[in-house]
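First comes the structure, then the notes that go with it.
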Amino acid sequence: MADLGNPKNTIEVLKKYQFNFAKKFGQNFLIDTHVLEKIIRAAEITKEDYVLEIGPGIGTMTQYLCEAAKGVVAVEIDSNLIPILQDTLSPYENVTVLHQDILKVDINRLVDEMCEGKPIKVVANLPYYITTPIIMGLFESHVPIESITVMVQKEVAVRMQVGPGTKDYGALSLAVQYYAEPYIVANVPPNCFMPRPNVGSAVIKLTRHEKPPVIVQDEKLMFSLIRASFNQRRKTLINGLSNSPEISFTKEQITQAVEELGLGMTVRGEALTLEQFARLSDWFTQLTAK
Ligand code: SAM
């Protein structure tokens, strides 16, 4: 099968099947062999690895993954792409294509059944409209994952990587950094895709921490506090948490927590590190245990 990273071959396949891009599925297919090679190299895939690909499209990156990995499972939502994938991936015996919505797949079961229960590597050129639910779903469901190497919108890659005190720092930065070490592999311009997206893109690799960088008694509470703090990012931490429907502690309790932790009465959520959110969360856990 011809390399679909070559735009000429992609156009031929699209014509053969009279494929129309579905905007609602965030379809921007990669047509740059250098970018594809860079992704595969960054993901460090070996013949021992099982890879989950989200949104294979016409199978461009899937071909590269099949060459490099032991096994590939590719989950695609668009029924029009399934017959194309059967064609473009026909030379490979180590790939399974599932016609499903990735947000509805029980990935733990999938890994158990198809990947011998071994930790997997996730590699994808993600549909940008659901980047955050996909990444958070993978982490929060505690699927055994070694790393996630994905193409995302450039701004989102920056948000995943930055620390406190910057305008891009937010709930996504903290969540990603709690679970993984982020590293931006490359920036990718719109002309590497067909059709061209309206935004810049970047490949980011998230390598899962063996142990989380902070210890917290109630992970769920910590993430509720993080979300509440950033929902109203211009407010002080005390006001943000007091006004949040997700947080049931009183303003007095919140003020006491901020005071005892020495955070300063006017501090905003965006100034807090992951460690400080963990201590804040543990303070409330202690309070409810009393
Ligand atoms: N991997 C291909 C490539 O690089 O050329 C296509 C990437 S394209 C940015 C995103 C792909 O994800 C499309 O094929 C789209 O149909 C698929 N997709 C969108 N939403 C999805 C969902 N909820 N579950 C599974 N696949 C989805």
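All ligand and atom numbering here is 1-based and tracks the order in the structure. All values below come from the heavy atoms of this structure, side chains included, with hydrogens, waters and symmetry mates left out. Being a predicted model, the structure only gives us computed values, none of them experimental.
Here the CD1 atom belonging to I107 is positioned 4.5 Å from the CG atom belonging to L138, to the nearest 0.5 angstrom.
For E12 and K8, the salt-bridge test fails: no basic side-chain N is under 4.0 Å from an acidic carboxylate O.
Applying the salt bridge (charged side-chain N to carboxylate O under 4.0 Å, His left out) test to residues at least two apart or on different chains, the pairs with a partner in residues 33-49 are E44-K205, D49-K121.
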Tabulation required: pairs of a nitrogen or oxygen in ligand 1 and a protein nitrogen or oxygen under 3.5 Å; columns are atom names and distance to 0.1 Å; otherwise 'none'.
unit_1   : atom_1 : unit_2 : atom_2 : d
ligand 1 : 1 (N)  : E53    : OE2    : 3.4
ligand 1 : 1 (N)  : G55    : O      : 2.8
ligand 1 : 1 (N)  : P56    : O      : 3.4
ligand 1 : 4 (O)  : N125   : ND2    : 2.9
ligand 1 : 5 (O)  : L30    : N      : 2.9
ligand 1 : 14 (O) : G57    : N      : 3.3
ligand 1 : 14 (O) : E76    : OE1    : 2.7
ligand 1 : 16 (O) : Q27    : NE2    : 2.9
ligand 1 : 16 (O) : E76    : OE2    : 2.6
ligand 1 : 20 (N) : Y129   : OH     : 2.9
ligand 1 : 23 (N) : D101   : OD1    : 2.8
ligand 1 : 24 (N) : I102   : N      : 2.9
ligand 1 : 26 (N) : I77    : N      : 3.4

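Checked against side-chain hydrogen bond (donor to acceptor under 3.5 Å, both in side chains), Y128 has the following partners two or more places apart in sequence or in another chain: S201. Qualifying side-chain hydrogen bond (donor to acceptor under 3.5 Å, both in side chains) partners for Q161, counting only residues two or more places apart in sequence or in other chains: none.
In this structure, D87 and P91 approach most closely via the heavy-atom pair O-CD, 4.3 Å.
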